[in-house]
Amino acid sequence: MAATTNNSGSSSGLIVSFGEMLIDFVPTVSGVSLAEAPGFLKAPGGAPANVAIAVARLGGNAAFVGKLGDDEFGQMLAGILKENGVSAEGVNFDKGARTALAFVTLRADGEREFMFYRNPSADMLLTPDELNLDLIRSAKVFHYGSISLIVEPCRSAHLKAMEVAKAAGALLSYDPNLRLPLWSSAEEARRQIMSIWDQAEVIKVSDEELQFLTENDKVDDESAMSLWHDNLKLLLVTLGDKGCRYYTKNFRGEVDAYRVKTVDTTGAGDSFVGALLYKMVDDQTIIEDELRLKEVLKYACACGAITTTKKGAIPALPTPSQVLTLLNGTETE
């Protein structure tokens, strides 16, 4: 797994992100329903694509694997990957299905609700035979979510990609990124998300996802550790404006958040994950050193915080200089 160089010129280890890329339509006004919104801002998104771009914007080496519609939106999204220094060698186009769309309601507090147009969208139709296996085998880190597990043939493509990446020695990173409206039921979502749980070595969940997966209201160490498995090296629970908690085989703790003026939380978790993977792709021993891990998580929390200060995910993902400004100039809560 030699380091390869992506469009941004980075020679660090390759992070391959697998899954969906779509267009988010974000209301121009916060705190209104979709019906009341006077207009929408077109924002490229999709959690795995956000992670790839987050990595590249920080100076890392990233590739995206997925399927887009062979339509104007699909071509636009592929162009956005390339413009942001992400390899699109793993992107396929479907002539028969459209690129997925999501209308996002922004509540007054910056949190979101989603309405999806995917029946079916191109990302759901990726087949195992369409995977760029050479690209996947070259990954040092292989990152994925759970939306690609919802239907066939994409589910089989997801499982095949994981298997190939693991066999080639990649670290497997999982952010379930729960979107309940896309699943047939909460029970099915929980079952499928957990069906690949014990293969991932790094897992990040939000506090709400922790509650959903454990089926209780508690967000505490006992609840988090009920999700631990023997292959896991690092479990992270993000707590929004309260920072994050971390759990490893040998230690656990928490990192505070950074105070910012939140406009839109879209992509904050993806920015956090991208920063974490970027910082550890070439030195995974960070997971075993609590002091170094805490520094990396502070950096990741700063990235997540910055991403909430603008509408849309990709436009808000930070550059290294923006992160340093926040780290050097702002006290954590």
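Here the CG atom belonging to Leu14 is positioned 10.5 Å from the CG atom belonging to Asp282, to the nearest 0.5 angstrom. With rounding to the nearest 0.5 angstrom, the CG atom of Leu159 is 9.5 Å from the OH atom of Tyr144.
Between the side chains of Ser185 and Glu188, no donor-acceptor pair is found at a separation under 3.5 Å. Residues Gln199 and Tyr174 bring no donor and acceptor atom of their side chains to less than 3.5 Å of each other. Defined by atom type and a distance below 3.5 Å, a donor-acceptor pair is present between the side-chain atoms of Gln322 and Thr319. In this model, no donor atom of one side chain and acceptor atom of the other lie less than 3.5 Å apart for Asp129 and Thr127.
Thr28 contributes a side-chain N or O that, together with a main-chain N or O of Gly39, makes up a donor-acceptor pair within less than 3.5 Å. Between the Tyr278 side chain and the Leu58 main chain, a donor and an acceptor come within less than 3.5 Å of each other. Here the side chain of Thr99 pairs a donor or acceptor atom with the backbone of Gly69 at under 3.5 angstrom.
Counting only residues at least two apart or on different chains, the ring-ring contact (aromatic ring centres under 6.0 Å, His included) pairs with a member in residues 28-85 are Phe40-Phe103.
Checked against salt bridge (charged side-chain N to carboxylate O under 4.0 Å, His left out), Asp289 has the following partners two or more places apart in sequence or in another chain: Arg292. Looking at residues two or more places apart in sequence or on another chain, you find a salt bridge (charged side-chain N to carboxylate O under 4.0 Å, His left out) between Asp70 and Lys95.
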(request) For Gln75 and Phe93, run side-chain contact (heavy atoms from CB on, under 4.5 Å): C-alpha distance rounded to whole Å, both residues' side-chain angles, the deciding distance at 0.1 Å, then the answer. (result) CA-CA 9 Å; Gln75 296 296 337; Phe93 291 92; 3.7 Å; yes

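Exactly one of Lys294, Lys242, Arg245 qualifies for a salt bridge (charged side-chain N to carboxylate O under 4.0 Å, His left out) with Glu254. That residue is Arg245.
Under the 4.0 Å criterion applied to side-chain N and carboxylate O atoms, Arg190 and Glu215 are assigned as salt-bridge partners.
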